[in-house]
Amino acid sequence: MTLNFWKMNGAGNDFVMLDNRDLSLVLSGEVIARLCDRHRGIGADGLLCVEPAREGGDFRMRYYNADGGEAEMCGNGARCFGRFVNRLHEDGLTRVRFETLAGMISAEFEGDQVRINMSAPHGLTLGAVLPVGGEVLTVHSVNTGVPHAVVFVEDLEGVPVREWGAGLRYHEAFQPRGTNANFAKVVAPGSIAIRTYERGVEDETLACGTGMVACALIHHELTGAASPVSVLVKGGDTLRVGFTEVAPHEYSDVTLFGPADFVFQGSVTL
Ligand SMILES: N[C@H](CCC[C@H](N)C(=O)O)C(=O)O
């Protein structure tokens with residue numbers, strides 16, 4: 001089997017992109033993990049497939065983590081997915097709606113920047129006190145398409161992200177599905193910096209879109225910071241998270257605005 005792919009990058013979170021509109025590709029989790037392997041494959045944090053719509057969208061987005069497991073949603077991946085399907089239509093689209101396991105997502109294009117309208121966040125909780133890695137952390141959580149734990153710290157650079165991240169990712173409080181783990185610090189009101197340990201990558205990534213949204217919403221919850229919140233990620237990009245608080249701890253019109261770049265095109269024969 002020969003796969004023609006694009007490698008794309010959303011603020012440092014990187015992906016293999018496949019056009020499977022004819023549903024001819026049937027890839028096992030093992031093959032996806034091999035494609036994402038940084039030593040034995042192309043190398044990526046995840047893989048996205050374009051599939052035909054089933055529920056009224058323009059397309060269906062399938063997202064798989066680097067370990068080959070399917071996840072409900074990927075914020076950086078959704079921006080790349082939007083640009084990828086636009087490229088498949090000779091960049092003739094201005095807006096695209098796509099189905100995900102987390103609900104309908106839409107993307108609008110501004111050059112190489114993309115604004116996505118996220119699914120409604122849910123399950124927001126504040127202030128759980130959890131033992132992690134020999135420390136006791138104050139942990140907030142919210143599902144922004146996938147589950148996220150959020151810990152605000154003073155010294156972001158000093159956080160043992162792999163140790164604390166894995167500790168939260170596998171913590172009993174977040175089982176059976178586990179969670180992504182984010183560590184954030186306030187740079188200024190409405191401006192935060194974050195680092196993320198991603199479920200299914202099982203390591204820190206240079207950016208996590210759903211994690212940025214989770215941290216921005218928690219920042220608003222804790223400080224009242226207005227929309228949009230600027231989020232500086234490990235890879236050095238700053239993205240914007242917009243939202244409307246429609247009731248206490250309830251949000252609509254949640255958007256994520258940032259880059260989605262084509263890196264290279266290729267083909268692999270398996
Ligand atoms: N690793 C996440 C999915 C990808 C999230 C991240 N890459 C993003 O940009 O939102 C999970 O399994 O919940």
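In each ligand, atom 1 is the first atom listed, and ligand 1 is the first ligand listed. In this text the structure is predicted, and so the values were computed from the model without any measurement.
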With sequence neighbours excluded, what pairs up with F152 under the ring-ring contact (aromatic ring centres under 6.0 Å, His included) test?
none

Taking the six-membered ring of F262 as reference, does the cationic atom of R83 (NZ for Lys, CZ for Arg) lie under 6.0 Å from its centre and within 45° of its axis?
no

At a 4.0 angstrom heavy-atom cut-off, ligand 1 is contacted by N13, Y63, N65, A71, M73, C74, G75, N76, V146, N180, E198, R199, C208, G209, T210

Which distance, rounded to the nearest 0.5 Å, do you find between the CD of E198 and the CG of N13?
5.0 Å

Can we say K185 and E154 salt-bridge, meaning some charged N sits less than 4.0 Å from an Asp/Glu carboxylate O?
no

Would you please name every residue forming a ring-ring contact (aromatic ring centres under 6.0 Å, His included) with F81, sequence neighbours left out?
F98

Which salt bridge (charged side-chain N to carboxylate O under 4.0 Å, His left out) pairs, counting each pair once, include a residue from residues 122-150, with sequence neighbours left out?
none

